[in-house]
Every structure is written in structure tokens, then in C-alpha cells.
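Below, read A as the first sequence line, B as the second, and so on, with proteins coming before strands; counting in each chain starts at 1.
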There are 2 protein chains.
Amino acid sequence: MSATPETPTKLQLLELLAAIGTAQWRDFAAAAAHHGLTSTQAKALAQLNGPLPMRALATLLVCDASNVTGIIDRLEARDLVRREPDPADRRVKNVVATDEGREIIRRVREEMQATSGALDTLDADESATLYALLGRLRPGMEKSA
Amino acid sequence: MSATPETPTKLQLLELLAAIGTAQWRDFAAAAAHHGLTSTQAKALAQLNGPLPMRALATLLVCDASNVTGIIDRLEARDLVRREPDPADRRVKNVVATDEGREIIRRVREEMQATSGALDTLDADESATLYALLGRLRPGMEKSA
DNA sequence: GTAAACAATTGATAATGTCAAGCATTCTGA
DNA sequence: TCAGAATGCTTGACATTATCAATTGTTTAC
């Protein structure tokens with residue numbers, strides 16, 4: 001057997017990447033549902049590492065700003081996030097995750113067992129290689145069309 | 001510099017994988033919108049390599065069967081899919097992509113330029129390595145929770 | 001200091017999602 | 001065989017997510 005395995009076609013690689021992405025999304029959505037969150041709500045909560053203006057959140061979620069209003073309304077009704085006025089610009093409202101919100105999204109991430117378990121099958125070298133390759137891929141993929 | 005780069009923490013790897021998945025989804029959704037398809041419609045169309053019962057499609061999309069009825073209704077109204085009776089089981093309706101449906105999803109895939117372009121930055125060896133690593137990850141990730 | 005630009009919200013409407021109920025068909029087992 | 005359970009799809013009721021146009025309040029630019 002060769003040290004360099006057969007080169008996959010680009011289509012094969014695209015398809016495999018899509019399959020991984022789909023599986024990961026399923027895992028995330030299932031964990032979120034387990035905590036009474038819709039996928040969208042969980043996705044929004046996952047962005048809130050720090051205070052974030054509504055507009056910025058809309059950009060991250062790639063949707064209209066008016067949509068974010070409703071999503072945050074529902075999260076706020078459950079005390080998972082707060083709206084805070086921005087001290088520098090009175091037009092802006094910053095969204096902040098509450099302690100409860102941070103805790104719940106932490107658990108969701110923790111419970112992505114399919115994804116987590118799959119990564120456990122890689123040894124240290126493989127993890128490092130995968131990390132390096134995906135890291136090279138990332139900037140190109142995040143370019144705006 | 002070392003031949004074996006630093007081993008990433010599992011959390012770092014999870015985060016990177018999530019970022020790649022998100023970027024890929026954005027790319028797919030944008031290409032779909034360019035052809036007047038919602039993300040969900042495109043996702044449904046993408047499953048139709050062959051005839052597929054409504055129920056099977058619901059399983060693949062991880063949603064209720066009644067939801068699929070509406071999605072397929074709208075695709076059928078645009079002549080992108082057809083419902084065909086199953087010869088072996090009269091309860092079943094098989095969904096089949098029309099020529100137009102196959103063509104439109106082919107173009108959507110073709111126009112995922114961010115993803116495609118990112119993969120172009122890898123040489124043959126790197127592609128092969130990435131393909132092998134992701135291929136090892138896949139079965140574990142597709143396990144049901 | 002007025003006009004343009006921007007942030008967030010509201011209201012209208014469509015698409016997506018769940019659940020419960022229904023009809024038609026197939027399967028199961030006594 | 002045939003009554004009842006299970007299955008596949010649809011419908012109806014409803015909540016969520018999405019987009020767009022219009023509004024209000026606040027900055028920014030000229």
C-alpha cells in the first residue's frame with residue numbers, strides 16, 4: 001500500500017464535506033431540542049460570547065434584522081438573554097447571554113456526542129493534521145461571495 | 001519548526017469544524033437563493049438521486065412527514081419534482097426529480113464557489129489526507145444518538 | 001443645522017416546523 | 001381468514017422563522 005492514498009475527485013471531497021456538515025448540524029439540532037431550544041435559537045445563543053448589537057447578530061445569522069427581533073424576544077422571555085442599551089450609541093441594543101443562557105448553550109455543546117465521539121477516534125497526530133488542513137480551508141470558505 | 005504541529009484541544013477542533021460547516025451552509029443557501037430556491041427546498045432536492053418515498057425524505061431531512069408534504073407541494077408546483085405511485089405499495093408516493101429539478105440542483109452545487117475555491121488551495125496530497133481523515137470521521141458522526 | 005444614513009421595531013405575508021386526527025393500505029397473528 | 005395494529009400520506013391548527021416595506025429614534029456628514 002502506498003503512503004499517498006488515491007487522490008479523491010473534487011466532487012467526492014465536496015460530497016464528503018457536505019455529509020460531515022449535515023451530520024454535525026443534526027447533532028447540534030438534536031442537543032438543542034433536548035433543552036427546549038429550536039435550532040435557530042441555539043444558533044443565536046451560540047454567537048453570544050460577549051455583548052452583540054442586534055444588527056451584528058443578524059449579520060452572523062445571515063438573515064434580516066427584523067427576524068432577529070423575534071428570535072431575541074423569545075430567548076429573552078425565557079431569561080436566556082438580555083437587551084442592554086449601548087452606552088456609546090443610543091440606537092443600538094446589545095444582546096447579552098444571561099448566566100442561564102450561557103449554561104444552557106454550554107450543555108448543548110457538551111451533548112453533541114456524535115460529533116464529539118467521532119473526534120475521539122482520531123489520535124493526536126491525526127487531530128493535528130486535520131486541524132491544520134481545516135484551518136487552511138477556513139479563510140477561503142468564509143470569503144463573501 | 002516541528003513536523004508534527006501542536007495538538008489542538010478537542011474544543012478547538014470542534015469549533016473549527018463548526019465554522020467550516022457554517023460557512024459551507026451559507027455558500028449552499030446563497031447559491032440556492034440565486035435560483036429562487038429556499039435552503040430547505042434545495043436541501044430536499046439534493047436528496048433526490050433516485051425515487052424516494054415521502055417518509056424516507058422526512059427521515060433524511062430530520063423533520064415531520066407532514067412538513068415534507070408542503071415542501072414537495074411547492075417544488076412540484078414549479079415542476080422540479082414529481083410524485084409517482086409506488087408499484088409495490090399503494091400507500092407510498094415516490095418523489096422523483098424532473099430533468100429541470102436535476103439541472104437546477106446541479107447548478108446550485110456548481111455555484112458553491114467559496115467551498116469549491118477553498119478546496120482548490122489544497123494540493124493532491126493534502127486532498128487525499130483530508131479525504132481519508134473525514135472519511136474516518138463520517139461513520140461515527142452519522143450514528144443515531 | 002438639515003439631509004442622509006443607520007439601528008431597531010412593527011406589520012404583512014410566505015415558508016417551515018410540530019402535533020393531532022384522518023383515510024387508505026398493508027401487515028400480523030389468533 | 002379476518003379483525004386489529006401498524007404504516008404512509010395528507011389535512012388542519014398553530015408556533016417559529018424568514019423576507020420586505022414602513023416607522024421611529026439617533027447618529028453622521030456636509
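Within 6.0 Å of atom CZ in A/Arg55, 12 or fewer heavy atoms from other residues, nucleotides or ligands are found, so the atom counts as exposed in its surroundings. Within a 6.0 Å radius of CD in B/Glu103, other residues, nucleotides and ligands contribute more than 12 heavy atoms. Atom CD of B/Gln12 has more than 12 neighbouring heavy atoms from other residues, nucleotides or ligands inside a 6.0 Å radius.
The NZ atom of A/Lys93 sits 13 Å away from the P atom of D/dT27 (whole-angstrom rounding). In this structure, A/Met54 places its CE atom 13 Å from P of D/dA18, rounding to the nearest Å. One atom, CG of A/Asp64, and another, P of C/dT10, lie 14 Å apart when rounded to the nearest Å. Nucleotide C/dT9 holds its P atom 11 Å from the CG atom of A/Leu57, rounded to whole Å. As a whole-Å value, the separation of B/Leu75 CG from C/dT16 P is 8 Å. Computed from coordinates, the B/Gln41 CD to D/dT17 P distance equals 19 Å when rounded to whole Å. In this structure, B/Asp73 atom CG and C/dA14 atom P are separated by 16 Å, rounded to whole Å. Taking atom CH2 on A/Trp25 and atom C1' on C/dT16, their separation rounds to 13 Å, with Å as the unit.
When all heavy atoms of B/Leu52 and B/Gln47 are compared, the closest pair comes out as CD2-O, 4.1 Å.
Note on B/Asp89: only backbone sugar-phosphate atoms sit closer than 4.0 angstrom, heavy atoms only; bases stay farther off. Residue contacts shown for B/Asn67 include a base, since a base heavy atom lies under 4.0 Å away.
Checked for salt-bridge contact, B/Glu111 and B/Arg107 miss the test: no charged N lies under 4.0 Å from a carboxylate O.
For the pair A/Arg55 and C/dA7, the criterion of a side-chain N or O lying under 4.0 Å from OP1 or OP2 is met. OP1 or OP2 of C/dA8 has not a single side-chain nitrogen or oxygen of A/Thr69 nearer than 4.0 Å. A close approach under 4.0 Å does occur between a side-chain nitrogen or oxygen of A/Arg74 and OP1 or OP2 of D/dT17. Residue B/Lys43 places no side-chain N or O under 4.0 Å from the OP1 or OP2 atom of C/dT16.
A donor-acceptor contact under 3.5 Å is formed by the side chain of A/Ser66 with the base of D/dC20. Side-chain N/O atoms of A/Arg90 and base N/O atoms of D/dT26 include no donor-acceptor pair closer than 3.5 Å. Between the side chain of B/Arg91 and the base of D/dC9, no donor-acceptor pair of N or O atoms lies under 3.5 Å.
Nearer to the 5' terminus of DNA chain D, by closest-nucleotide assignment, is the contact made by B/Arg83 (compared with the other of B/Arg83 and A/Gly70).
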